[in-house]
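Counting convention: from 1, in listed order, for ligands and their atoms alike.
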Amino acid sequence: MQSLQDIDWNTWQGKDPATLTFIIKDEQILLIRKKRGLGAGKINGPGGRLEPGETMLECAIREVQEELCITPIDPIFCGESLFQFTDGYSIHVHTYMAHDFEGTPAETDEAIPLWFPLDGIPYEEMWADDIVWLPEMLKGSQFKGRYLFDGDRMLDHHLDIF
Ligand SMILES: Nc1[nH]c(=O)nc2c1ncn2[C@H]1C[C@H](O)[C@@H](COP(=O)(O)OP(=O)(O)OP(=O)(O)O)O1
């Protein structure tokens with residue numbers, strides 16, 4: 001498996017459905033330093049895997065509550081990212097954006113909250129795909145991306161924007 005063409009995307013299903021949620025307020029974006037799980041040590045949005053019986057939106061809200069002790073208000077769906085790893089793992093991430101929240105962001109066992117200016121997003125400390133799609137999301141585009149990873153090295157990618 002070396003490129004996206006080695007994968008049958010018509011039948012592809014991610015092993016884990018998951019969410020990512022970005023809160024954007026006053027020209028700043030709320031990110032986390034992830035303390036454990038997939039991507040530990042990296043900076044990312046808060047998020048995680050879908051639990052049985054919940055909708056994607058419920059997952060998006062719950063993960064922000066669990067990781068940062070705040071509740072995002074009216075998250076809207078922005079796009080999806082399909083990640084295939086060469087070891088066979090795969091994850092289908094549904095991304096949301098909110099412009100407000102209730103509570104005060106706090107560090108938890110899972111994450112440290114970090115605010116960045118929108119023109120100072122630390123892509124070098126994030127997953128390699130983020131610089132592909134996050135700028136499109138910030139411009140207001142909906143997106144669907146496909147990515148092939150070997151560990152945390154991105155081997156191939158393709159992004160459609162709408
Ligand atoms: N290439 C990638 N780019 C990206 O931006 N986010 C990614 C990514 N690969 C995975 N993620 C994110 C999506 C999702 O929010 C998170 C999934 O991993 P997690 O370990 O955080 O899941 P959980 O919070 O359910 O963890 P556990 O409780 O340990 O199962 O990682």
Quiz prompt | Element-labelled atoms of ligand 1 that are located less than 4.0 Å from some non-hydrogen atom of G47 | solution = 15 (O), 21 (O), 24 (O)

Quiz prompt | Structural part of Y147 in contact with ligand 1, heavy atom criterion under 4.0 angstrom | solution = neither

Exercise. Check each heavy atom of E63 against ligand 1 and say whether those closer than 4.0 Å belong to the side chain, the backbone, both or neither.
Key: side chain

Quiz item: Got the closest protein heavy atom to atom 17 (C) of ligand 1, with its distance?
Solution: I91 CD1, 3.9 Å

Quiz item: What distance do L31 atom CG and I24 atom CD1 have between them, rounded to the nearest 0.5 Å?
Solution: 8.5 Å

Exercise. Kindly indicate whether atom 19 (P) of ligand 1 is approached by any protein heavy atom to under 4.0 angstrom.
Key: yes

Quiz item: For residues 36-46, which residue pairs qualify under side chain to side chain donor-acceptor pair (under 3.5 Å), counting only residues two or more places apart or in two chains?
Solution: K42-D152

Self-check item: Nearest-0.5 Å distance, CH2 of residue W9 to OG1 of residue T11
Solution: 10.0 Å

Self-check item: Shortest protein contact, atom 13 (C) of ligand 1 (heavy atom only)
Solution: V93 CG2, 3.7 Å

Quiz item: Based purely on interatomic distance, does G48 place a nitrogen or oxygen under 3.5 Å from a nitrogen or oxygen of ligand 1?
Solution: yes

Quiz item: Should the ring pair F22 and W133 be called parallel, tilted or perpendicular, given that the plane angle runs from 0 to 90° and is split at 30 and 60?
Solution: perpendicular

Quiz item: Can you tell me the protein heavy atom closest to atom 21 (O) of ligand 1 and the distance?
Solution: K34 NZ, 2.4 Å

Quiz item: Which heavy atom of the protein is the closest neighbour of atom 28 (O) of ligand 1, given with residue, atom name and distance?
Solution: E110 OE1, 5.0 Å

Quiz item: What do you reckon, is CD of Q13 surrounded by more than 12 foreign heavy atoms closer than 6.0 Å?
Solution: no

Quiz item: Salt bridge between R62 and E66, side-chain N to carboxylate O under 4.0 Å?
Solution: yes

Self-check item: H158 and D156 side chains, donor-acceptor separation under 3.5 Å
Solution: no

Quiz item: W133: heavy atom below 4.0 Å from ligand 1, yes or no?
Solution: yes

Exercise. Give the intermediate values and the outcome of ring-ring contact (aromatic ring centres under 6.0 Å, His included) for residues W127 and Y147.
Key: CA-CA 11 Å; W127 281 97; Y147 308 89; over 10 Å; no

Quiz item: Which of the listed options, L134, L38, T21, T19, holds the heavy atom that is closest to atom 10 (C) of ligand 1?
Solution: L38

Self-check item: Result of checking Q84, M154, Q5 against L148 for side-chain contact (heavy atoms from CB on, under 4.5 Å)
Solution: Q84

Quiz item: Is any side-chain N of the basic residue among K25 and D100 closer than 4.0 Å to the acidic one's carboxylate O?
Solution: yes

Self-check item: Heavy atom of the protein closest to atom 26 (O) of ligand 1 (residue, atom name, distance)
Solution: R49 NE, 4.0 Å

Quiz item: Quick check: does N44 get an N/O under 3.5 Å from an N/O on ligand 1?
Solution: yes

Practice problem: Quick one: look up the protein heavy atom nearest atom 29 (O) of ligand 1 and list residue, atom name and how far away it is. | Solution: G37 CA, 4.3 Å

Practice problem: Counting heavy atoms only, name the option from D129, D152, I131 that's nearest to atom 1 (N) of ligand 1. | Solution: D129

Self-check item: D130 and ligand 1 - part of the residue with a heavy-atom distance under 4.0 Å
Solution: side chain

Quiz item: Looking only at protein heavy atoms, which one is nearest to atom 7 (C) of ligand 1, and how far off is it?
Solution: W127 NE1, 3.5 Å

Quiz item: If you round to the nearest 0.5 Å, how far is CD1 of I121 from CD of Q28?
Solution: 11.0 Å

